[in-house]
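Just the heavy atoms: all of them, side chains too, but no hydrogens, waters or symmetry mates, feed the values below.
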Amino acid sequence: MGKISLEGLLFKAYHGYYDEERQKGNKFEVNITVKTDFNHASKKDELEGTVDYERLYAIVKDEMEQPSKLLEHVVNRMINRVLDEIPAVKKVKISLSKFDPPIGGLCRAATITVKKKR
């Protein structure tokens with residue numbers, strides 16, 4: 001078993017509970033880690049038998065482009081797609097951060113993290 005992580009994926013997106021957030025947009029960061037079996041890939045030196053991280057990025061990017069009120073909803077969609085579309089993934093963990101959230105005070109980022117396994 002091994003882990004593949006994509007860290008510091010940055011996006012401008014239109015997620016937020018308030019209309020203004022969904023109109024103006026904000027800066028977000030996604031970190032995704034998946035667990036998979038590296039046995040075949042480590043022996044054969046081929047992409048088959050592991051997880052293509054370009055595919056992981058494409059899923060994250062696609063879901064970040066779909067405006068949502070809640071970060072939890074965005075992450076749930078990402079996780080479900082990863083597990084549905086990439087059978088080699090055994091576990092997935094995603095953290096999504098919204099920079100400078102509108103909380104009435106100073107806050108660098110609000111972050112949610114969700115894990116799910118098959």
Which pair of heavy atoms, one from [X] and one from [Y], lies closest together, and at what distance?
| X | Y | value |
| --- | --- | --- |
| Arg77 | Ser68 | NH1-OG, 2.5 Å |
| Asn26 | Phe99 | ND2-O, 2.9 Å |
| Ile59 | Met78 | CG2-O, 4.0 Å |
| Ala88 | Thr50 | CB-O, 4.4 Å |
| Ser5 | Glu7 | CB-OE2, 3.8 Å |
| Pro102 | Lys98 | CD-CD, 4.5 Å |

Checking side-chain hydrogen bond (donor to acceptor under 3.5 Å, both in side chains) against Ser97, which of Asn31, Thr111, Thr113 comes through? Thr111
Separation of [Y] [atom2] from [X] [atom1] (nearest 0.5 Å):
| X | Y | atom1 | atom2 | value |
| --- | --- | --- | --- | --- |
| His73 | Glu63 | NE2 | CD | 8.5 Å |
| Ile79 | Lys91 | CD1 | NZ | 13.0 Å |
| Ser95 | Leu9 | OG | CG | 11.0 Å |
| Lys24 | Lys12 | NZ | NZ | 9.0 Å |
| Lys115 | Thr33 | NZ | OG1 | 10.0 Å |
| Leu56 | Ile32 | CG | CD1 | 5.0 Å |

Counting heavy atoms not belonging to Glu20, are there more than 12 under 6.0 Å from its CD? no
Is it the case that atom CZ in Arg108 sees more than 12 heavy atoms from other parts of the structure closer than 6.0 Å? no
State, yes or no, whether a side-chain contact exists between [X] and [Y] at a heavy-atom distance under 4.5 Å.
| X | Y | value |
| --- | --- | --- |
| Tyr14 | Glu21 | no |
| Met64 | Leu96 | yes |
| Val30 | Val74 | no |

Arg22: partners by side chain to side chain contact (heavy atoms under 4.5 Å, CB included), with sequence neighbours left out: Asp19, Lys69
Please lay out, stage by stage, how Tyr53 and Val34 fare under the test side chain to side chain contact (heavy atoms under 4.5 Å, CB included). CA-CA 10 Å; Tyr53 43 82; Val34 298; over 6 Å; no
Positive for side chain to side chain contact (heavy atoms under 4.5 Å, CB included) with Val89, one of Asp84, Leu83, Asp37, Ile4: Leu83
For the pair Lys27 and Leu10, evaluate side chain to side chain contact (heavy atoms under 4.5 Å, CB included) and give the outcome as yes or no after the intermediate values. CA-CA 7 Å; Lys27 183 177 172 184; Leu10 297 175; 4.1 Å; yes
For a side chain to side chain contact (heavy atoms under 4.5 Å, CB included) check, start with the C-alpha distance between Lys35 and Lys3, then their side-chain angles and the critical distance, and finish with the verdict. CA-CA 5 Å; Lys35 289 191 178 181; Lys3 288 196 287 188; 3.7 Å; yes
Can you tell me how the ring of Phe28 sits relative to the ring of His15, calling it parallel under 30°, perpendicular over 60° and tilted otherwise? perpendicular
Let me check something: do Ile112 and Val92 share a hydrophobic cluster, defined by ILVMFWY side-chain heavy atoms less than 4.5 Å apart, either directly or through other members? yes
